[in-house]
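Here the structure is laid out as structure tokens; the discussion comes afterwards.
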Amino acid sequence: NFMLTQPHSVSESPGKTVTISCTRSSGSIASYYVQWYQQRPGSSPTTVIYEDNQRPSGVPYRFSGSIDSSSNSASLTISGLQTEDEADYYCQSYDTSNPHVVFGGGTKLTVL
Amino acid sequence: QVQLVESGGGVVQPGRSLRLSCAASGFTFSLFGMHWVRQAPGKGLEWVAVTSYDESNKYYIDSVKGRFTISRDNSKNRLYLQMNSLRPEDTAVYYCAKEHYESSITYYMDVWGQGTTVTVSS
């Protein structure tokens, strides 16, 4: 089984840009789609990015996703940070050879 | 609108059983795969299990294989998680979540319920 590794926490000022990384331990990051979920305190997760770089309707253009095969990682970038972006962010991917889903450990974003 | 409402959580002693339920509305339940995901207190998300729309494919995380069973009743628009031989480490909020695409498991969960809390303690 593989792992997805995220930084435990990141912080940035309002209006700035932050990038959260998600590194896959084995298997190609490009072979299996990556999703990103936002979870505010006391709430259920919601999708901000799916299939590596797609934004669900209603998610601001400030949110973008990408993958980098050279580092076997995915990234979530949030530009024009707002205080409402403060939340935990989880990357998620899967494996089909032994079908299962893996979440990253989560990154706490602080907007200060 | 699409809605998922979990129920059935509670406090249970180690070794006992519990069945969680997830009531779905606002979409054609019988066409979509469904997942259970859990979150231990103060911890991250952990996927538990998935069933295809017709129950022909079911997959589980290793730590619950042989103890938990995912099932569904498409006539009632309900998803279930039968949890047997419960352990303290199963303590978590359990979420049901819907697959994004019809008729296939792509592991993208687009809608989540509000969760139900399971506490395993003597």
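The shown structure was predicted, so the numbers you read here are calculated from the model rather than taken from an experiment. Naming: A, B, ... by sequence-line order, numbering from 1 per chain.
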**OP:** Verify the neighbour count for atom NZ of Lys43(B): are there more than 12 heavy atoms of other residues, nucleotides or ligands below 6.0 Å?
**Re:** no

Original post:
If you group Ile, Leu, Val, Met, Phe, Trp and Tyr by side-chain heavy-atom gaps below 4.5 Å, do Leu79(B) and Leu31(B) land in one group?
Top reply: yes

Subject >> Cluster check Phe2(A), Val48(B): I/L/V/M/F/W/Y, side chain < 4.5 angstrom >> reply: no

Original post:
Any idea which heavy atoms bring Gly113(B) and Ser44(A) closest together, and the distance?
Top reply: O-OG, 2.6 Å

**OP:** Heavy-atom pairs under 4.5 Å with chain B are the metric here; pick the option from Val102(A), Thr47(A), Val101(A) that has the most.
**Re:** Val101(A)

Original post:
Which answer fits Ser43(A), side chain, backbone, both or neither, if we ask what part of it has an atom under 4.5 Å from a heavy atom of chain B?
Top reply: backbone

Original post:
Can you tell me how far CD of Gln35(A) sits from CG of Asp110(B), rounded to the nearest 0.5 angstrom?
Top reply: 10.0 Å

Original post:
Given side chains that start at C-beta, do those of Asn1(A) and Asp62(B) come closer than 4.5 Å, heavy atoms only?
Top reply: yes

Subject >> Joint hydrophobic cluster, Phe27(B) plus Tyr80(B), side-chain heavy atoms closer than 4.5 Å >> reply: no

Original post:
Applying the 4.5 Å side-chain criterion to the ILVMFWY set and letting contacts propagate, would Ile70(B) and Leu86(B) be lumped into a single cluster?
Top reply: yes

Subject >> Contacting moiety of Tyr33(A), where chain B heavy atoms sit under 4.5 Å >> reply: neither

Subject >> Structural part of Gln39(B) lying under 4.5 Å from a heavy atom of chain A >> reply: side chain

**OP:** Locate the shortest heavy-atom distance separating Phe103(A) from Leu45(B); write the atom from each residue and the value.
**Re:** CB-O, 3.5 Å

Subject >> Cluster link Tyr89(A) to Met3(A), ILVMFWY, side chain under 4.5 Å >> reply: no

Original post:
Tell me, side chain or backbone of Val37(B) under 4.5 Å from chain A's heavy atoms, or both, or neither?
Top reply: side chain

Original post:
Can you check whether His100(A) and Tyr59(B) have ring centres sitting under 6.0 Å from each other?
Top reply: no

Original post:
Is the Trp47(B) to Tyr94(A) ring centre distance short of 6.0 Å?
Top reply: no

Original post:
Looking only at heavy atoms, what is the nearest atom pair of Tyr90(A) and Gly44(B), with distance?
Top reply: OH-CA, 3.5 Å

**OP:** Determine the interplanar angle of the Tyr50(A) and Tyr108(B) rings, folded into 0 to 90°, and report it as parallel if under 30°, tilted if 30 to 60°, perpendicular if over 60°.
**Re:** parallel

Subject >> Minimal non-hydrogen separation, Tyr107(B) against Asp95(A), with atom names >> reply: OH-O, 4.5 Å

**OP:** Please tell me if the side chains of Met109(B) and Gln92(A) come closer than 4.5 Å, counting only heavy atoms from C-beta onward.
**Re:** yes

